[in-house]
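A short worksheet on the structure shown next.
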Amino acid sequence: MESYMRQVDAVSGEQYRYALTNFRIAHEKVEEQRRQLEEQEKQVALLRSRIALLEGTASDERQEGGRHGGSSVDDFSIKNAASQLERLINRWAADIVRAPPSPLSDIHGAALGDITGTYDHAPYDVSPMQVQNILRHAMSEIIGNEIINILVVTNSPEANVQLTRIHEHLFARNPVVACVWRRQTFSAAVETCDPEMTAAILAETLPGLTKVLGGSVNNTAPILASAYTFSRMLHGSPTSFNDAFYRSFIPELGSILYPRQIELVRRCHKSERGEQDRVGATIFPGLVKVTRGGVPATDQNQETVHMVVRRAQVICECALLSSGNIPMQG
């Protein structure tokens with residue numbers, strides 16, 4: 001028995017030193033990785049604190065603790081605000097159709113001409129529903145392209161365009177810095193858009209429709225004011241992410257229907273039969289969250305990722321063309 005124990009315990013000094021050295025090396029590597037993770041966590045915490053300080057929300061975050069809410073914006077609140085704005089647009093278009101300041105064919109032709117650049121009357125008698133929806137499309141283009149996709153910070157359209165370009169440049173270099181800059185910039189934004197600026201946007205974007213509507217075009221003021229408030233919520237409010245921003249998109253008239261990007265407000269019989277149909281009118285823009293995904297924020301060669309937050313509200317061509325006897329929404 002004693003001879004057996006001596007055999008079991010017999011390990012050469014070289015083998016023992018080799019095993020001990022390997023164990024020490026492995027232990028040191030694990031300890032180094034632990035220190036690196038702790039340092040990364042500290043850097044992330046410092047960055048978050050710096051962002052909160054720059055945005056002026058540091059005290060809010062301490063009061064909120066781990067709760068979600070306060071003045072931050074999330075996808076649900078965006079969808080809710082978008083639905084309210086959509087109802088305002090629909091009510092405005094329905095009111096014009098109920099008491100048109102000009103013949104419906106003239107209104108339809110002017111709106112369609114402003115959208116497409118071709119001022120030709122439709123080769124058919126337009127229905128109230130067709131006029132109402134082309135008006136909604138025209139207003140959607142103004143809200144999407146001129147208010148949401150442009151950082152409306154001042155009452156100068158030229159200055160707003162320049163600020164938008166600066167943001168795009170910053171976002172291409174470092175999304176986190178761009179988000180901090182954008183929210184800080186919006187903290188000093190004008191409370192409301194100047195009437196002269198909104199009138200200039202309407203006259204430049206929808207010149208034909210502005211002329212045909214005459215004094216009725218003044219009824220767009222509440223819509224544009226709500227759109228500006230919506231834009232400020234998108235671009236100026238703190239969010240649960242610090243490396244993204246929102247943009248709108250408006251499917252073009254006659255473009256193919258893409259289910260991931262659009263939501264039909266009426267049944268499309270062609271699609272149900274497996275046939276291809278196209279956009280008849282976009283009655284409210286879609287919204288995407290733009291991020292630089294999958295790689296560190298400082299990497300300038302990263303891909304831009306667009307995630308649809310709210311699909312564009314669309315009526316298809318077949319539903320629009322067959323709407324002659326369909327009663328107005330409102």
Side-chain angles (χ1 to χ4, degrees), residues 76-112 114-115 122 126-148 193 198 201-202 205-206 208-210 212-231 233-234 248-253 257 261-268 279-287 309-330:
F76 175 78
S77 58
I78 287 171
K79 291 177 181 178
N80 187 46
S83 296
Q84 295 178 18
L85 181 55
E86 182 182 345
R87 286 193 290 271
L88 279 178
I89 298 171
N90 186 37
R91 190 177 303 120
W92 164 76
D95 288 344
I96 288 178
V97 171
R98 289 191 183 101
S102 298
L104 290 181
S105 58
D106 291 347
I107 296 174
H108 184 276
L112 187 61
D114 289 338
I115 295 168
V126 293
S127 67
M129 177 60 68
Q130 290 164 353
V131 177
Q132 181 176 341
N133 282 290
I134 203 67
L135 288 172
R136 295 167 79 181
H137 185 105
M139 185 56 65
S140 294
E141 290 211 346
I142 285 186
I143 291 173
N145 295 329
E146 305 298 328
I147 298 180
I148 295 178
C193 287
T198 55
I201 291 175
L202 285 169
T205 310
L206 302 175
L209 186 60
T210 301
V212 169
L213 293 182
S216 300
V217 76
N218 295 329
N219 297 331
T220 60
I223 299 175
L224 297 179
S226 297
Y228 175 62
T229 301
F230 181 57
S231 177
M233 181 187 73
L234 291 177
S248 73
F249 65 96
I250 303 95
E252 294 182 358
L253 297 177
L257 300 176
Q261 298 179 4
I262 64 102
E263 180 178 348
L264 291 172
V265 297
R266 287 185 176 275
R267 290 179 60 185
C268 179
V279 174
T282 298
I283 63 175
F284 196 81
L287 290 171
V309 175
R310 190 179 193 269
R311 290 182 293 172
Q313 306 296 294
V314 168
I315 183 170
C316 65
E317 277 188 348
C318 69
L320 195 60
L321 292 175
S322 63
S323 64
N325 296 320
I326 298 177
M328 288 188 302
Q329 303 177 25

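Just so it is clear, the structure is predicted and the values come from calculations on it, not from any experiment.
With rounding to the nearest 0.5 angstrom, the CG atom of L234 is 9.0 Å from the OG atom of S248. In this structure, OG on S140 lies 8.0 Å from CZ on R136, to the nearest 0.5 angstrom. Atoms CD1 and CG, from I315 and L320 in turn, are 5.0 Å apart once rounded to the nearest 0.5 Å. For the atom pair CD of E141 and CD1 of I115, the computed distance is 5.5 Å after rounding to the nearest 0.5 Å. Within the model, atoms CD1 of I148 and CG of L287 stand 5.5 Å from one another, a figure rounded to the nearest 0.5 Å. With rounding to the nearest 0.5 angstrom, the OG1 atom of T282 is 5.0 Å from the NE2 atom of H137.
Scanning both residues, A110 and V212, for their nearest heavy atoms gives CB-CG2, 3.7 Å. For A319 against R266, the heavy-atom pair with the smallest separation is CB-CB, 4.2 Å. The nearest pair of heavy atoms linking A138 to L209 is CB-CD2, 4.3 Å. Taking both residues in full, the closest heavy atoms of R310 and E86 are given as NH2-OE1, 2.9 Å, listed atom of the first, atom of the second, then distance. The two residues N90 and Q132 have their closest heavy-atom pair at OD1-NE2, 2.6 Å. The two residues I134 and H108 come nearest to each other via the heavy atoms CG2-CD2, 3.8 Å.
In this structure E317 satisfies the side-chain hydrogen bond (donor to acceptor under 3.5 Å, both in side chains) test with no other residue, sequence neighbours excluded.
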Applying side chain to side chain contact (heavy atoms under 4.5 Å, CB included), run through L264 and L257 and close with a yes or a no.
CA-CA 9 Å; L264 291 172; L257 300 176; 4.2 Å; yes
Report the C-alpha distance between N219 and D95 in whole Å, list the side-chain angles of each, state the deciding distance to 0.1 Å, and finish with yes or no for side chain to side chain contact (heavy atoms under 4.5 Å, CB included).
CA-CA 10 Å; N219 297 331; D95 288 344; over 6 Å; no
When you look at I223 and I142, which way does the side chain to side chain contact (heavy atoms under 4.5 Å, CB included) test go after all the steps?
CA-CA 11 Å; I223 299 175; I142 285 186; over 6 Å; no
Evaluate F284 against L85 for side chain to side chain contact (heavy atoms under 4.5 Å, CB included), listing each step before the verdict.
CA-CA 9 Å; F284 196 81; L85 181 55; 3.8 Å; yes
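The list of salt bridge (charged side-chain N to carboxylate O under 4.0 Å, His left out) pairs with a residue in residues 214-230, not counting sequence neighbours, is empty.
Looking only at side-chain heavy atoms (C-beta outward), M129 and N133 come within less than 4.5 Å of each other. Residues I89 and I143 have side chains in contact (heavy-atom distance under 4.5 Å, counting atoms from C-beta outward).
Remark: the backbone N or O of K79 is paired with a side-chain donor or acceptor of S83 at under 3.5 angstrom. Using modelled atom types, no side-chain atom of E252 and backbone atom of I250 make a donor-acceptor pair closer than 3.5 Å.
Test L202, L88, I201 against L224 for side-chain contact (heavy atoms from CB on, under 4.5 Å) and you get one pass: L202.
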